[in-house]
There are 2 protein chains.
Amino acid sequence: MITNHLLLLQKKGFRMTQARSSILNLLENTDHPLTATSIHKILKRIGVSTNITTIYRELEFLLEQKIIEKIPLFDTELHYEISGRTHHHHLMCTSCGSIQNIVLQSEKGLLEEMHNISTYDIRRHSLAFFGTCPDCT
Amino acid sequence: MITNHLLLLQKKGFRMTQARSSILNLLENTDHPLTATSIHKILKRIGVSTNITTIYRELEFLLEQKIIEKIPLFDTELHYEISGRTHHHHLMCTSCGSIQNIVLQSEKGLLEEMHNISTYDIRRHSLAFFGTCPDCT
DNA sequence: ATATTAATGCAAATTAGTTGCATTATAACA
DNA sequence: TGTTATAATGCAACTAATTTGCATTAATAT
Ligand SMILES: [Mn+2]
Ligand SMILES: [Mn+2]
Ligand SMILES: [Zn+2]
Ligand SMILES: [Zn+2]
């Protein structure tokens with residue numbers, strides 16, 4: 001499938017390869033963040049055998065292009081997800097590893113307070129919740 | 001220096017060693033989280049030459065004993081700090097790496113909202129801010 | 001003093017991620 | 001439809017952070 005992101009990259013002179021389009025396609029159609037190794041496994045399962053190095057390099061490339069974002073979840077492997085979605089955070093089950101997106105209305109107040117009390121030029125924040133999902137309880 | 005934590009550990013049958021007391025002492029007297037390697041360097045500087053493996057093992061031990069806590073800051077090395085302090089978060093300068101503690105009044109609302117919208121049994125959360133400190137601006 | 005075993009040091013393994021380099025393949029164009 | 005430039009790839013080697021095995025050392029109870 002040829003997506004907008006892919007067309008945009010082509011217009012910038014980058015090539016459309018099987019690795020690129022399948023990684024992009026997978027991230028676009030997944031609602032939770034994925035790790036390099038999980039992407040690797042999923043692609044292998046659907047018959048796209050890409051070297052893990054290529055996955056890391058492609059993720060690095062998509063990060064530079066601001067098409068995806070790095071999601072650090074506690075001390076686990078780095079996760080990645082497509083950027084441009086509604087600002088949200090993550091809730092991870094420490095038992096099965098499943099991840100849910102979370103949109104928090106009350107976050108605005110927190111960010112305001114943060115800007116008020118700090119003299120730093122704050123550029124970003126990371127917020128994640130950890131617990132046990134209903135299936136694992 | 002012999003601290004309460006150390007006495008407590010002794011009472012539990014664990015030994016008081018130079019590595020243990022100096023790591024504990026350092027973490028107790030530092031207001032920002034430290035990494036294994038930073039602890040290693042600081043101890044070396046003050047004349048306590050402990051193997052890095054011992055530092056990792058001691059940090060693991062202190063975690064098990066719930067005397068310290070793991071602080072994951074984005075995709076940098078793991079940090080550790082003494083537990084039991086007022087609940088707070090961290091603000092890291094992405095230029096010089098310095099870390100500040102942050103106490104947020106408005107966090108309560110966020111956590112309430114979180115518990116309302118989620119069916120997970122939430123056990124903990126991680127929140128950190130990143131930006132440029134006044135010195136680095 | 002001696003015995004028990006917690007703690008340590010060192011080397012080797014592991015895990016996540018990165019880099020060098022030779023090869024392959026996409027896409028522009030002759 | 002070739003030919004070409006170079007983006008993308010694969011593989012092996014590397015790095016950084018952390019962990020593990022194992023033999024040795026040392027803290028503490030007796
Ligand atoms: Mn947010
Ligand atoms: Mn908090
Ligand atoms: Zn679960
Ligand atoms: Zn700074």
Side-chain angles (χ1 to χ4, degrees), chain A residues 2-3 5-26 33-44 47-65 67-80 97, chain B residues 2-3 5-26 33-44 47-65 67-80 97:
Chain A
I2 298 170
T3 67
H5 283 134
L6 210 44
L7 289 173
L8 201 86
L9 288 176
Q10 276 202 105
K11 226 174 284 177
K12 288 194 190 175
F14 300 107
R15 295 174 187 176
M16 170 159 87
T17 66
Q18 183 161 36
R20 177 156 298 155
S21 62
S22 53
I23 291 171
L24 206 37
N25 201 50
L26 177 57
L34 297 171
T35 64
T37 48
S38 69
I39 291 171
H40 190 223
K41 279 179 199 141
I42 294 168
L43 292 191
K44 188 175 281 174
V48 180
S49 69
T50 309
N51 193 281
I52 187 73
T53 305
T54 302
I55 309 234
Y56 278 115
R57 264 197 282 238
E58 188 60 28
L59 289 171
E60 202 51 48
F61 170 79
L62 294 174
L63 277 173
E64 277 162 24
Q65 298 297 319
I67 291 172
I68 63 170
E69 277 168 34
K70 226 180 248 197
I71 312 290
L73 288 168
F74 212 69
D75 55 354
T76 65
E77 238 173 306
L78 268 180
H79 287 70
Y80 300 86
Chain B
I2 299 171
T3 67
H5 283 136
L6 210 44
L7 288 173
L8 201 87
L9 288 177
Q10 275 201 108
K11 225 173 285 176
K12 288 194 191 177
F14 300 106
R15 296 174 187 177
M16 172 160 86
T17 65
Q18 184 161 33
R20 177 156 299 157
S21 62
S22 53
I23 292 171
L24 207 37
N25 201 50
L26 177 57
L34 296 170
T35 64
T37 48
S38 69
I39 291 171
H40 190 223
K41 279 179 197 140
I42 294 168
L43 292 191
K44 187 174 281 174
V48 181
S49 70
T50 308
N51 193 282
I52 187 73
T53 304
T54 302
I55 308 233
Y56 277 114
R57 264 196 283 237
E58 189 60 28
L59 290 171
E60 201 51 46
F61 170 79
L62 295 173
L63 278 173
E64 277 162 24
Q65 298 298 318
I67 290 173
I68 63 170
E69 278 168 34
K70 227 180 249 197
I71 312 290
L73 288 167
F74 213 69
D75 54 356
T76 67
E77 235 173 310
L78 267 181
H79 287 69
Y80 299 85

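Residue numbers start from 1 in every chain, and the chains themselves are labelled A, B, ... in the order their sequence lines are given, proteins ahead of strands. Note that this is a predicted model, so its numbers are computed, not measured.
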- Message: Quick check against the 3.5 Å criterion: does B/H40 have a side-chain atom that pairs as donor or acceptor with the backbone of B/T50?
- Response: yes

- Are the side chain of A/R20 and the backbone of A/R15 linked by a donor-acceptor contact shorter than 3.5 Å? yes

For the side chain of [X], starting at C-beta, report the closest nucleotide among [options].
X	options	result
B/R57	C/dG9, D/dC11, C/dT18	C/dG9
A/N51	D/dT18, D/dG10, C/dA7	D/dG10
B/T53	D/dC11, D/dA8, D/dT20	D/dT20

Protein-nucleic acid N or O pairs under 3.5 Å, nucleotides 14-16 of chain D:
none

To the nearest Å, give me how far apart [atom1] ([X]) and [atom2] ([N]) are.
X	N	atom1	atom2	result
B/I55	D/dT18	CD1	P	12 Å
B/H40	D/dT18	NE2	P	13 Å
A/I52	D/dA12	CD1	C1'	15 Å

Within the 4.0 Å heavy-atom criterion, would you say [X] contacts the bases, only the backbone, or no part of the nucleic acid?
X	answer
B/T76	nothing
A/A19	sugar-phosphate
B/T35	nothing
A/T50	sugar-phosphate

- Note on the structure: ring-ring contact (aromatic ring centres under 6.0 Å, His included) test vs A/F61 passes for just one of A/F14, A/Y80, A/Y56, namely A/F14

Taking only nitrogen or oxygen atoms into account, show me every contact under 3.5 Å that the protein makes with nucleotides 24-27 of chain C, one pair per line with its distance.
{"residue": "C/dT26", "atom": "O2", "partner": "A/R15", "partner atom": "NE", "Å": "3.2"}
{"residue": "C/dT26", "atom": "O2", "partner": "A/R15", "partner atom": "NH1", "Å": "2.9"}
{"residue": "C/dT26", "atom": "O2", "partner": "A/R15", "partner atom": "NH2", "Å": "3.1"}
{"residue": "C/dA27", "atom": "OP1", "partner": "A/Q10", "partner atom": "OE1", "Å": "3.3"}
{"residue": "C/dA27", "atom": "OP1", "partner": "A/M16", "partner atom": "N", "Å": "2.6"}

- Message: Which residues pass the side-chain hydrogen bond (donor to acceptor under 3.5 Å, both in side chains) test with B/Q18, not counting sequence neighbours?
- Response: none

- Contact under 4.0 Å: B/Y56 side-chain N or O vs D/dT18 OP1/OP2: yes

- Item | Below 4.0 Å: OP1/OP2 of D/dG10 and any side-chain N or O of A/T54 | yes

